[in-house]
Amino acid sequence: MAVQEDTQGASFIQGQAVIWLIGGLLLVAAIALLLPDVRGMLGNSPILQGVLTIVLGVGGCIGYFWASNIVLDKVIFPAKGANAGKNINRANMVRPWLFIFPAFAALGLYLAYPVVGSFIRSLYDRSGDTFIGFGNYAWLMQDSEFQQAVFNNILWALVVPAGSTFFGLVAAQLTDRLSWGNIAKSLIFMPMAISFVGASLIWKFVYANDADIGIVNAFREWVFGADSVDPLQVSFWNNFFLMFILIWIQTGFAMVILSAALRGIPEETVEAAIVDGASPLQVFFKIKVPQIMGTIVVVWTTITILVLKVFDIVYTMTGGNFGTQILPSYMFEFMFRDDGRATAVAFVIMLIVTPVMVWNIIQARKEMR
Amino acid sequence: MANLKLKDVAKVYGGQVEVLKDIDLDIETGELIVFVGPSGCGKSTLLRMIAGLEQISGGTLEIDGMVVNDVPPSERGIAMVFQSYALYPHMTVYDNMAFALQIAKKSKEEIDRAVRAAADKLQLTEYLDRLPKALSGGQRQRVAIGRSIVRDPKVYLFDEPLSNLDAALRVATRIEIAQLKEQMPDSTMIYVTHDQVEAMTLASRIVVLDALKDNGYKYSIAQVGTPLELYETPNSEFVARFIGSPAMNLLEGEIVATGETTTLRTRLGAGTITSNVPSRPEDQGAQVKVGIRPEDAVATDSEDFAFSGKVEVEERLGEVTLLYFERGAGQNDPVIAKLPGIHPGMRGNTVKLTADPAKVHIFQDGTSLLYR
Amino acid sequence: MANLKLKDVAKVYGGQVEVLKDIDLDIETGELIVFVGPSGCGKSTLLRMIAGLEQISGGTLEIDGMVVNDVPPSERGIAMVFQSYALYPHMTVYDNMAFALQIAKKSKEEIDRAVRAAADKLQLTEYLDRLPKALSGGQRQRVAIGRSIVRDPKVYLFDEPLSNLDAALRVATRIEIAQLKEQMPDSTMIYVTHDQVEAMTLASRIVVLDALKDNGYKYSIAQVGTPLELYETPNSEFVARFIGSPAMNLLEGEIVATGETTTLRTRLGAGTITSNVPSRPEDQGAQVKVGIRPEDAVATDSEDFAFSGKVEVEERLGEVTLLYFERGAGQNDPVIAKLPGIHPGMRGNTVKLTADPAKVHIFQDGTSLLYR
Amino acid sequence: GGHLAFAPGEGDFNWDSYNSFAEQYDLSGQSLSITGPWTGQDKDLVDSVIAYFEEATGAEVEYSGSDSFESDFVIAAEAGNPPQMAVFPQPGLMADMARQGNLVALPDGTGDWLRENYAAGESWVSLGTVDDTMYGFPYKIDVKSLVWYVPEAFEEAGYEVPETLEALKELTDQIVADGGTPWCIGLGSGAATGWPATDWVEDMMLRTQPPETYDAWVANELPFDSPEVVNAIEEFGYFARNDDYVSGGAEAVASTDFRDSPGGLFEVPPQCYMHKQATFIPTFFPEGTELGLDVDFFYFPAYEGEDLGQPVLGAGTLFVRTEESDVTAAFLDFLQTPIAHELWMAQSGFLTPYTEVNPDVFPTDTQRALNEILTNATTFRFDGSDLMPGEIGAGAFWTGMVDYVTGEDAEAVGAAIQERWEAIQ
Amino acid sequence: MDNIAGRKSSLNWAVNLSVIFLVLLWIIPTVGLLVSSFRDRDQISASGWWLAPFSAEQAYRARTSTEATPEGDIFVVTGNVFEESEATGTLSAFGVRSIAPGEFTVGTVADLGDGESLSIAENGDYEFRTPEEPGRRGQRIYFTAETPPEFTLENYETVLGAGGMAQAFINTLTVTIPATIIPILIAAFAAYALAWMQFPMRGLLIALVVGLLVVPLQLALVPLLRLHTEWGIGRSFLGVWMAHTGFGLPLAIYLLRNYMVGLPRDIIESAKVDGATDFQVFTKIVLPLSFPALASFAIFQFLWTWNDLLVAKVFLPDGDQAMVMTRKIADDLLGSRGGDWGILASAAFVSIAVPLLVFFTMQRYLVRGLLAGSVK
Ligand SMILES: Nc1ncnc2c1ncn2[C@@H]1O[C@H](COP(=O)(O)OP(=O)(O)OP(=O)(O)O)[C@@H](O)[C@H]1O
Ligand SMILES: Nc1ncnc2c1ncn2[C@@H]1O[C@H](COP(=O)(O)OP(=O)(O)OP(=O)(O)O)[C@@H](O)[C@H]1O
Ligand SMILES: [Mg+2]
Ligand SMILES: [Mg+2]
């Protein structure tokens with residue numbers, strides 16, 4: 001199977017990529033032209049404006065790296081003259097900072113700064129004038145809806161990454177050797193392309209409390225002759241029905257990454273296990289899965305983090321009713337009304353992820369050793 | 001503890017690429033068979049077919065009298081040691097060795113006993129708790145072997161098990177394998193290697209694979225025999241050059257006298273050289289290749305020599321000295337002589353070579369006169 | 001085109017792990033120096049320090065009289081061939097070779113000329129458009145070498161360049177490197193290898209690294225010399241056993257007569273054996289090790305032998321036969337004799353060995369009597 | 001500016017008011033940005049009204065609508081660049097914004113103008129007033145106390161439009177007895193699920209308690225778990241929590257989308273006979289449904305026994321401004337011309353308490369009748385949940401109602417909401 | 001591996017079947033939506049989408065026309081029910097009461113009392129006889145008909161035809177393309193530095209990146225918008241790019257660094273010996289070799305920004321000039337047509353078309369295998 005992929009040369013791949021990119025842009029332009037009111041607008045040419053802004057944005061970014069390097073090497077520490085060697089060394093000491101500067105500037109500004117600001121805000125009351133210490137947190141602790149949201153959220157953080165990773169792994173493994181595997185993969189990946197709002201819509205259909213609209217109820221009626229129920233009101237289990245939506249979306253992500261990892265497993269180890277008498281299931285769970293554990297961690301982490309940030313599904317499907325509240329959507333109840341409490345909830349969310357982070361940092365440390 | 005019978009075995013990849021054809025081979029219980037052959041000739045493929053990792057496209061494979069073409073690998077009672085070791089990177093040495101037994105649902109004690117016995121035999125006891133990445137190459141190799149031993153299989157398959165080791169380790173591990181074989185006189189082993197020395201020292205019989213004459217891409221068995229048979233009486237130029245390092249020198253020549261022994265004149269020599277290979281009267285005047293192994297070549301001062309040339313490169317290995325001669329315009333492979341001891345300053349000298357009649361081989365159209 | 005001077009060079013990893021110490025070495029323009037030593041002794045580290053990929057922790061490194069400790073790799077005028085080839089997988093062979101020149105902003109024509117010349121020299125012309133993964137191991141190796149040639153560097157560094165090749169290719173490539181060196185008599189080369197034969201055949205001088213006596217984890221230079229110097233007159237047990245394969249046999253013995261030549265009696269022998277190594281009167285009765293290379297051991301019928309034992313294992317390689325003797329209770333490494341020719345059926349026989357006085361080495365406390 | 005929907009000077013419109021307004025202002029070159037909750041068809045309609053303002057003054061107006069207008073406005077305000085004017089559907093949020101200093105008071109005298117020209121003017125003034133300052137100008141009103149039905153379905157079954165709440169309950173039982181389902185109730189609305197129930201409860205409050213009690217409730221002077229409120233909730237529960245009374249059973253109430261809910265009226269055979277919802281709901285009727293012909297409404301009646309008159313519950317939108325400028329003042333002035341109301345009235349879905357407008361411009365009798373409900377109201381009360389603080393009116397109240405219809409006790413629900421309310425004070 | 005002897009074909013079957021099952025499970029919801037997007041609102045609520053391809057018996061209502069021809073004392077109204085309603089297909093029964101739409105069989109004459117009678121022929125022609133002249137409202141007729149499957153493009157026309165959709169499309173691209181490329185570019189440099197360059201505090205910075213992965217976006221919106229306003233960027237494309245860059249960076253750095261660390265050290269050192277500076281090593285060696293990882297992340301970031309609503313809402317100005325598709329659909333289309341599932345469905349499909357296109361074209365780069373050949 002490696003043979004197939006290797007037949008393409010790398011430069012060929014890159015050439016292809018460029019062709020695809022140009023082709024894609026042309027296609028997009030063509031689609032745009034087909035839309036009726038584009039032609040009219042070509043007069044003040046928003047496409048041209050769009051292209052211009054894109055070129056400026058991306059170009060500016062490339063320009064920074066390119067120019068700053070030139071300045072560093074040619075102007076500040078020129079590799080010429082008496083202390084060329086020293087200059088080169090100095091330039092090399094500065095360069096890492098040059099490389100990470102934009103990233104960390106952006107991280108600091110867009111993430112670290114709001115985090116600090118928000119934390120301070122969470123210590124103030126509703127109006128933002130009175131310092132109340134951990135009052136908001138204390139209030140949250142006794143709020144029963146908050147307690148439920150925390151419980152549900154922990155459930156989400158456990159079930160969704162596990163489910164997505166599991167299905168992703170199974171899909172990656174099973175489709176790997178199928179002649180139509182790529183098609184299957186594409187179909188399983190498709191939900192990734194659907195926005196959360198679109199996905200909620202799709203699932204509203206599936207779960208509709210009407211055997212004439214919702215396939216779940218139609219199925220129940222057809223098989224068991226049961227009356228239609230509202231899956232989203234089945235207490236406790238409705239959480240899982242909502243989680244399944246996110247699993248359905250994220251499986252594609254897990255599958256794509258894990259499939260690449262599975263291909264990286266040396267085939268001999270698998271063959272050795274077969275000769276050792278392992279069944280396909282044993283080969284999968286005892287040989288393959290442990291070997292891609294690192295990738296599984298990455299996938300798991302990414303999805304966990306996503307889960308803790310996503311509120312759209314609960315928000316649009318149940319609005320947090322029927323005992324399905326989770327922290328991000330709970331936070332929305334306060335957002336713009338009582339920012340003190342909203343930010344406090346946000347910090348509770350971050351707290352929940354902390355174990356995952358710590359685990360990751362430990363993992364990264366191990367790797368570096 | 002098993003004998004293998006390959007009958008007309010063939011392998012076709014993807015319905016088109018024929019790789020192996022007409023493989024007929026009987027392997028007796030307790031033998032250690034070595035497969036050698038040029039890279040890409042299908043040695044691994046053959047091994048993998050025996051293991052069941054590759055479907056057999058034609059012919060039958062019998063183990064202990066039972067046709068096993070369609071028996072899955074796990075039920076063939078074989079163990080395989082891969083070129084890349086194929087250790088399970090996430091398991092300790094102990095678990096690597098125990099894996100097959102755990103799969104077979106053996107009892108804890110039984111597993112422990114088998115693993116510790118094997119570890120003992122291979123001096124791995126103190127590494128049992130380590131992961132493979134914390135082992136040196138040689139240790140990994142031994143774990144791979146240990147993994148096969150614990151299962152006590154009927155047949156062992158080794159696919160170039162030593163090719164990733166450095167020279168010193170290779171020698172040591174080779175000897176270990178030889179001793180292992182000796183401790184288990186009833187087990188059948190099949191061993192693939194590129195390495196001359198391994199083949200010669202380990203094999204009870206060597207199987208040489210070569211391209212079929214009619215088609216350069218299909219391979220079959222060229223010769224089967226004990227190492228010394230192959231060394232002393234190769235049946236073809238191919239086998240002759242393949243066994244022995246550096247390869248046998250082949251000099252173009254002509255038969256000038258036939259009979260119990262044969263007298264030859266080479267193109268690059270003066271005078272004649274005699275071979276103990278008998279020939280028929282009708283061979284008189286036939287164009288043949290005269291084969292002399294580098295180590296059989298002796299420098300001579302007499303005017304009766306089979307080859308004479310200027311030493312182009314001289315490699316002094318201490319114990320022996322290799323002399324490389326240019327063969328003449330347009331011909332690439334040098335003639336090589338291996339002289340015992342140290343001979344400094346030979347470079348640029350013209351040396352004349354001849355050989356003992358017992359050690360002169362004759363090939364006509366690629367086939368040895370002995371075997372026609 | 002450069003000479004290198006290492007003065008008191010040391011390497012400490014992470015402020016704690018001392019790896020190398022007191023490395024003093026002068027390398028002349030045009031030399032081909034080979035570093036050998038046990039695995040993990042710091043050969044690669046030394047090479048990487050010369051390349052500038054690793055900071056030098058102590059001492060100075062001069063290239064052409066200039067201290068380059070703080071000069072980055074790109075400015076040192078060196079080229080390096082990595083053990084793993086380290087070809088750029090996304091570039092064609094041509095681009096791989098042209099890369100350094102493009103970085104150096106050479107003109108298109110100049111680059112083309114240099115690349116084609118190198119490709120020609122290495123017979124790579126027809127592969128110039130391929131990607132590395134479409135090449136065989138030997139070809140990749142040649143590309144890696146070609147990549148260094150085009151830059152016409154002052155110093156070439158090779159880190160075990162052949163260790164990933166199979167035996168046949170290794171021989172061929174080794175000879176190519178030797179020829180390459182000959183074509184470029186002015187270039188300085190430093191070569192790291194594990195392989196005896198490579199070291200012996202390629203080196204103008206060999207540098208043997210060994211653990212310092214006081215500390216098993218710090219390494220330094222044990223001996224420097226031409227291959228034959230090291231083979232014939234090793235300064236220590238370590239070098240003696242390290243150079244030559246199989247390793248030299250060391251037999252425990254006692255000096256029984258001193259003078260221009262020395263007479264010894266071994267523990268496992270009967271009678272005496274003479275060595276051409278001179279000794280002082282005060283050596284009389286000293287406990288020493290008597291060193292005899294396997295290839296120097298000769299079977300004898302006389303009662304005057306240095307060693308006698310039962311043949312445990314017999315390896316017939318065709319050209320030579322290796323005999324392994326057990327040394328006696330509790331001692332692991334066998335005594336080995338390498339006899340020319342084929343000697344079937346020796347196994348189980350008791351054989352007596354002795355050696356030519358010119359080839360008998362004497363070591364006291366690990367050091368050769370010649371060098372004290 | 002778009003094209004003008006009605007040529008000036010034609011029809012029954014008060015063109016004079018337009019002309020005098022046009023003479024008064026010349027704002028060419030100025031621009032005005034407005035955001036509001038109206039999207040889609042409503043956006044087209046408001047644009048058509050704005051077009052006349054642009055035509056009259058020469059100013060450029062950009063209206064942008066959003067379904068999540070509230071959070072958009074808050075974000076824009078927090079970030080310091082809010083639109084010049086905005087349309088608030090919820091007085092509660094407007095009050096929050098005003099207290100945070102994001103809004104600018106309306107010109108002096110606006111209150112007096114409202115008292116004079118709007119029916120039940122005082123209640124409109126108090127609606128737009130926060131802490132004695134007037135910020136919101138009411139424009140475009142919805143009436144909520146309506147029950148929609150299919151006249152032919154009533155005819156075929158022989159039902160009469162009930163005049164009293166007692167009669168309505170009788171009719172409900174009658175329908176059940178005939179084997180039909182009387183009501184379609186749907187509370188589903190994504191994140192806002194539950195709000196339609198608040199309208200029910202408010203209507204029930206007005207039908208069981210005097211308006212003063214209603215006001216006290218809205219101001220939380222009467223706690224949410226007081227017997228009065230609990231009773232109103234249970235009055236709603238009388239309809240919604242009875243499996244026989246609602247299409248799909250009580251369970252379906254919480255999950256059926258309020259937009260899908262009226263669909264049951266039009267099925268064959270009908271899934272329900274009545275649907276209580278505000279004036280905007282015809283947008284969600286099946287295509288081609290003709291008001292007055294295929295579907296009609298009646299006033300959600302009051303208890304005969306309670307003697308509380310004909311209370312009407314309504315909602316509406318308030319124009320606010322975030323800067324004091326000529327152009328915003330001019331626009332507010334424009335909203336005080338009859339023409340600004342008539343233009344929208346003449347199209348669809350617009351009710352106004354403005355007494356100066358000419359009701360003849362309504363395209364259908366139905367709409368005229370609707371407007372009459374508004375003008376005839378003896379008691380008019382604004383939607384209570386919109387007046388409560390956001391956490392309650394657009395949060396706890398909603399979810400509390402969902403909890404109630406899915407089985408929780410009215411008292412417990414009331415207590416939970418009250419607790420929440422106390423927590424934010 | 002594919003040729004293991006004795007592998008049971010039943011296993012193959014099992015694999016095929018389970019993949020089919022999985023795929024079905026995964027696409028059924030989407031298929032449902034797709035089918036629904038071709039149906040109109042009434043059809044959607046009338047029958048399940050899985051019944052769409054079949055003809056269905058359905059009840060309809062029609063109203064007789066109000067034009068009557070007097071015939072003696074009675075008035076006769078004729079017409080065709082199919083013309084008076086949206087029904088098609090073949091008539092099976094009719095009635096005059098909503099609760100019993102199939103009361104009478106076709107061809108019979110239904111006596112409605114009060115001297116009124118109604119008959120309907122198979123082809124839908126009806127004859128209504130009444131003693132009174134009909135008023136504005138005609139007589140209701142209910143009937144059941146076997147309706148053939150029917151699909152419509154109307155929903156798509158509505159969505160695509162909505163004013164400003166084309167502009168929204170271009171705006172979305174203007175947002176997504178730089179919002180995909182810029183963070184990848186910046187992250188790639190940082191990831192390289194964190195993976196392969198030596199400098200103090202490197203470990204700390206890596207930990208920081210992992211830590212920042214979890215910051216909830218919502219937290220950052222308002223403070224950042226305020227910041228943008230202070231800087232004079234306000235709400236603009238530049239602002240939205242910067243925001244997406246900031247929010248996308250932690251994951252980008254995390255994934256890319258993880259990949260780059262795995263590149264063979266020898267190759268990078270070899271380039272250094274060849275004279276390349278860090279910048280050159282990065283652009284000429286590391287970047288091309290990281291192509292699979294870059295492509296994967298590009299796809300994900302593209303999908304996220306394409307489907308993003310929140311960031312666009314906060315950081316782009318209101319109004320059509322900068323309206324992106326998600327916002328157009330969510331606020332403009334759905335707001336006013338919340339209950340119209342057909343429109344919602346087609347809107348969803350319109351918005352996933354481009355991401356799918358991107359995925360299918362980029363999919364082939366998601367596999368590893370570029371490194372083969374660099375090492376033995
Ligand atoms: N899946 C395959 N499809 C087509 N041809 C294949 C396949 N696998 C192997 N081959 C071909 O079969 C031939 C034999 O391969 P095999 O690996 O058995 O050679 P080998 O003798 O083990 O070589 P080496 O000594 O290099 O290991 C090769 O020419 C190879 O190209
Ligand atoms: N980054 C490092 N930190 C600490 N110790 C190191 C590091 N890199 C190498 N070493 C140690 O330095 C010693 C020398 O390593 P080096 O790779 O130079 O050995 P070598 O002689 O090339 O071995 P080999 O023959 O196996 O290639 C080893 O013991 C190794 O463990
Ligand atoms: Mg092989
Ligand atoms: Mg090394």
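Just so we're on the same page: letters track the sequence lines, and every chain starts at 1.
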[atom1] of [X]: more than 12 outside heavy atoms within 6.0 angstrom?
X: A:Phe236; atom1: CZ; answer: yes
X: A:Trp180; atom1: CH2; answer: yes
X: A:Phe101; atom1: CZ; answer: no

Exercise for the section: Answer with side chain, backbone, both or neither: which region of B:Ala104 has an atom nearer than 4.5 Å to a non-hydrogen atom of chain A? Expected result: neither
Exercise for the section: Tell me, for B:Leu87 versus chain A, whether the close heavy atoms (under 4.5 Å) come from the side chain, the backbone, both or neither. Expected result: backbone
Handout entry: With sequence neighbours excluded, residues passing side chain to side chain contact (heavy atoms under 4.5 Å, CB included) with A:Ile154
Key = A:Val150, A:Leu158, A:Ile352
Problem - Contact list for residues 249-284 of chain A, test ring-ring contact (aromatic ring centres under 6.0 Å, His included), sequence neighbours left out - result: A:Phe253-E:Phe300
Exercise for the section: Can you tell me which residue pairs pass the ring-ring contact (aromatic ring centres under 6.0 Å, His included) test with a partner in residues 37-83 of chain B, sequence neighbours excluded? Expected result: none
Interface of chain A and chain B, donor-acceptor atom pairs under 3.5 Å:
from: A:Glu271; atom 1: OE1; to: B:Arg48; atom 2: NH1; distance (Å): 2.5
from: A:Glu271; atom 1: OE2; to: B:Arg48; atom 2: NH1; distance (Å): 2.9
from: A:Glu271; atom 1: OE2; to: B:Arg48; atom 2: NH2; distance (Å): 2.6
from: A:Ala273; atom 1: N; to: B:Tyr88; atom 2: OH; distance (Å): 3.2
from: A:Val275; atom 1: O; to: B:Arg151; atom 2: NH1; distance (Å): 3.2
from: A:Val275; atom 1: O; to: B:Arg151; atom 2: NH2; distance (Å): 3.3
from: A:Asp276; atom 1: OD1; to: B:Arg151; atom 2: NH1; distance (Å): 3.3
from: A:Asp276; atom 1: OD2; to: B:Tyr88; atom 2: OH; distance (Å): 2.9
from: A:Lys286; atom 1: O; to: B:His90; atom 2: NE2; distance (Å): 2.6

